[in-house]
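Written below as structure tokens is the structure these notes are about.
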Protein chains: 2
Amino acid sequence: MQRVDYPKSLMEVTAERIRHAIVSGELPLGSKLSEQRLADALGVSRSPVRDALAALQSEGLVTISPKRGSFVFMPNLRVVDELCEHRAILETAVLRLGIVRNHGSLLRNLENATAEMERALAAQDPHGYTAGDHRFHNAIIMGAENRTTERSYNLTISPLKALRTHLFTIMSENTDRSMNEHFAVINAVRAKDAELAVSHLWEHIEHLAEAFRTKLSVEASKNTKRAM
Amino acid sequence: MQRVDYPKSLMEVTAERIRHAIVSGELPLGSKLSEQRLADALGVSRSPVRDALAALQSEGLVTISPKRGSFVFMPNLRVVDELCEHRAILETAVLRLGIVRNHGSLLRNLENATAEMERALAAQDPHGYTAGDHRFHNAIIMGAENRTTERSYNLTISPLKALRTHLFTIMSENTDRSMNEHFAVINAVRAKDAELAVSHLWEHIEHLAEAFRTKLSVEASKNTKRAM
DNA sequence: ACAGCAAAACTACCATGTTAGATGTTAGTT
DNA sequence: AACTAACATCTAACATGGTAGTTTTGCTGT
């Protein structure tokens, strides 16, 4: 007999659906949502939708305007900068710890992730490449074995994941440089040179922030549509 | 004329009340809550209480057990360690940035905070001392001017604030060492020696973690009571 | 055609009712 | 005394109705 895992509540399922719709690009950034419409579309009452939206707000994916409506988050340049910097702060700090605490498994996970990315790159599979990238950075976060930091990371990474799919519909042109940066981090980790690894990692994330900035300033002239 | 700030919703007020009750020690750690009882006690309906509890759960102050009840969070040694480490990660990273970006105002705020702490120490005012300490660490966080990191910090610091009031009812015996550590950080900041400041700060937070650990292992034999 | 303005539609907030699941209690059996 | 199961009680999850604030719409006069 195996212990039963708790069935997910309606609110959780609802939150997952909406989160996926945002991150996958189904719901445009800044688009208007509505408890009632979402409830009708998902076939549930307004209560779980309301709870889900509140949860997604604390994840940074949704902003709720009192008496006006709920909206998919709409990043400006400053917020994106801050998100990337926060990400860099967490990843670099955790990388320092991981190199000391779990050097073996950390290195192995990083290598697996880059292998997946190379495979996806050869197969021209943008989706797989993105998955590998997430796996790479996730391996860094897991290295310190600190659940609090993991939670904090997941909160800030959700909007960034959404941004990635919304801004980069095709595989970026900078994948070569990106791959090299990943390898640079790995090599430094392998050599247990924490400071070098950290500096490569910070630079890597900074490049991503730059890419976001240029894309955002181009697409700044879009207007909000109703999605739900 | 000043821009009016949005009137707070019932849910926000409710959340503030409950949060204050937890952080101030009014509600014991691990004690059972109940939407209905809280609603009756606060004179509101269950809806805002429910929303508030959900928000407090994402702050780490409350844990909700499906169909069973809500409880004030109950930390174990591991979680406290992780909270402190996460705090150290954020504060040290942000301190590095702050020294570069806002050296002047950062230093000024740190000095004001320690001045407040010394005043409180001379006046035997534990409450004021704690307030000064919070102001000190808050000054560090504000130094980088990154709202995302601020939010992340506030989420992790709430349980730690609660722990402080619940575990240290009297002013700690280690205030001398603590004050010296604060001064060590300030001096390093003044000299713009980021690495030295960071190492002092990390050590300071690590000492706090140790204090939590010893107190927790002593008080581990307490049982849960109903509070509301 | 356009500005002003009032009515209608829409929204989240809050209150309350209902329900399924979890827990505590007690009567009944061995 | 020990175990069991029916029962009562308590809980949060979910559904639904009312309300006040916001936005849109559509009419009106110019």
Side-chain angles (χ1 to χ4, degrees), chain A residues 3-18 22 27-28 30-74 223-228, chain B residues 3-18 22 27-28 30-74 223-228:
Chain A
R3 186 183 179 130
V4 301
D5 45 349
Y6 244 82
K8 283 173 182 169
S9 69
L10 256 184
M11 172 274 206
E12 289 176 280
V13 182
T14 306
E16 283 173 12
R17 294 286 180 90
I18 301 175
I22 295 175
L27 293 175
S31 63
K32 184 169 187 178
L33 306 174
S34 155
E35 290 181 2
Q36 185 67 65
R37 286 163 189 267
L38 286 169
D40 294 344
L42 296 173
V44 298
S45 91
R46 284 159 15 230
S47 297
V49 173
R50 177 174 165 73
D51 294 346
L53 287 177
L56 292 173
Q57 184 179 37
S58 76
E59 274 185 48
L61 285 179
V62 165
T63 61
I64 300 178
S65 231
K67 305 275 189 187
R68 286 186 356 102
S70 304
F71 304 83
V72 179
F73 81 108
M74 188 57 168
N223 40 4
T224 71
K225 292 177 185 174
R226 165 180 289 284
M228 291 297 306
Chain B
R3 186 183 176 130
V4 300
D5 44 350
Y6 245 79
K8 284 173 183 170
S9 68
L10 254 186
M11 173 277 209
E12 289 176 279
V13 182
T14 306
E16 283 173 12
R17 293 287 180 90
I18 302 175
I22 295 175
L27 293 174
S31 63
K32 184 169 188 179
L33 306 174
S34 155
E35 291 180 3
Q36 186 65 65
R37 286 162 188 269
L38 285 169
D40 294 343
L42 297 172
V44 298
S45 90
R46 281 153 27 224
S47 296
V49 173
R50 177 174 167 73
D51 294 347
L53 287 177
L56 292 174
Q57 183 179 38
S58 76
E59 274 186 47
L61 286 177
V62 165
T63 61
I64 300 178
S65 228
K67 305 276 190 185
R68 285 185 358 100
S70 305
F71 303 83
V72 179
F73 81 108
M74 187 59 167
N223 41 4
T224 71
K225 292 175 185 175
R226 165 180 287 284
M228 292 297 305

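We use all heavy atoms of the structure for the numbers below, so side chains are in, but hydrogens, waters and symmetry mates are not. Lettering of chains follows the sequences in order, A, B, ..., and the numbering in each one begins at 1. Computed from a predicted structure; not experimentally measured.
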task: Give, ordered by number, those residues of residues 37-46 of chain B having at least one heavy-atom distance below 4.0 Å to an atom of DNA chain D; if nothing qualifies, reply none.
output: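 Heavy-atom cutoff 4.0 Å gives B:Arg37, B:Arg46.
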- prompt: Between residues 52-63 of chain A and DNA chain D, which residues have a heavy-atom gap below 4.0 Å?
  reply: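 Listed by number, there are none.
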message: Restricting to side-chain hydrogen bond (donor to acceptor under 3.5 Å, both in side chains), what partner residues turn up for A:Ser65, sequence neighbours left out?
response: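 A:Arg68.
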message: Holding to side-chain hydrogen bond (donor to acceptor under 3.5 Å, both in side chains), I want the full list of residues that pass it with A:Ser9, two or more places apart in sequence or in another chain.
response: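 Listed in chain order: A:Glu12.
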Do you know which two heavy atoms are closest between [X] and [Y], and how far apart they sit?
X	Y	value
B:Phe71	B:Gly30	CD2-O, 3.9 Å
A:Ala55	A:Met11	CB-CE, 3.9 Å
B:Ser70	B:Leu53	OG-CD1, 3.6 Å
B:Val72	B:Leu27	CG2-CB, 4.1 Å
A:Ile22	A:Phe73	CG2-CE2, 4.4 Å
A:Ile18	A:Ala52	CD1-CB, 4.5 Å

Every protein N/O within reach of nucleotides 6-8 of chain D N/O, cut-off under 3.5 Å:
none

task: Determine the contact category for B:Ser47: base if any of its heavy atoms lies under 4.0 Å from a base atom, sugar-phosphate if only primed atoms, P, OP1 or OP2 are that close, otherwise nothing.
output: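 Counting heavy atoms under 4.0 Å across all strands, the contact made by B:Ser47 includes a base.
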- prompt: First and last nucleotide of DNA chain C touching chain A, 5' to 3', heavy-atom cut-off 4.0 Å?
  reply: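 Taking any atom under 4.0 Å from a heavy atom of chain A, the span is C:dT11 to C:dA22.
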Pairwise 5' ranking along DNA chain D for A:Glu12 and A:Pro66, keeping only the more 5' one: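 Nearer the 5' end of the strand: A:Glu12.
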- request: Sequence neighbours left out, what passes salt bridge (charged side-chain N to carboxylate O under 4.0 Å, His left out) with A:Glu16? Give chain and number order.
  value: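 Salt bridge (charged side-chain N to carboxylate O under 4.0 Å, His left out) list for A:Glu16, sorted by chain: A:Lys8.
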Rounded distance (Å) that lies between atom [atom2] of [N] and atom [atom1] of [X]:
X	N	atom1	atom2	result
B:Leu10	D:dA20	CG	P	14 Å
B:Lys8	D:dG21	NZ	C1'	20 Å
A:Gln36	D:dA15	CD	P	12 Å

task: Report yes if a side-chain nitrogen or oxygen of B:Ser70 is closer than 4.0 Å to either non-bridging phosphate oxygen (OP1 or OP2) of D:dA12; otherwise report no.
output: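 Yes, within the criterion.
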Once side-chain contact (heavy atoms from CB on, under 4.5 Å) is applied, do any residues pair with [X], and if so which ones, sequence neighbours excluded?
X	result
B:Ser34	B:Gln36, B:Arg37, B:Arg226
B:Gln57	B:Ile64
A:Leu10	A:Val44, A:Pro48

Sub-3.5 Å pairs of nitrogen or oxygen atoms, protein against nucleotides 23-25 of chain D:
unit_1, atom_1, unit_2, atom_2, d
D:dT23, OP1, A:Arg68, NH1, 2.6

field: Flag side-chain contact, heavy atom, 4.5 Å: A:Leu38 against A:Thr14
entry: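 Not in contact.
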message: Closest-nucleotide mapping onto DNA chain C: is A:Glu35 or A:Tyr6 further toward the 5' terminus? I mean the 5' end.
response: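 The residue closer to the strand's 5' end, by nearest nucleotide, is A:Glu35.
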query: Which pairs count as salt bridge (Lys or Arg N to Asp or Glu O under 4.0 Å) when at least one residue sits in residues 39-57 of chain A, sequence neighbours excluded?
result: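 Matches after skipping sequence neighbours: A:Glu35-A:Arg50, A:Arg50-B:Asp51, A:Asp51-B:Arg50.
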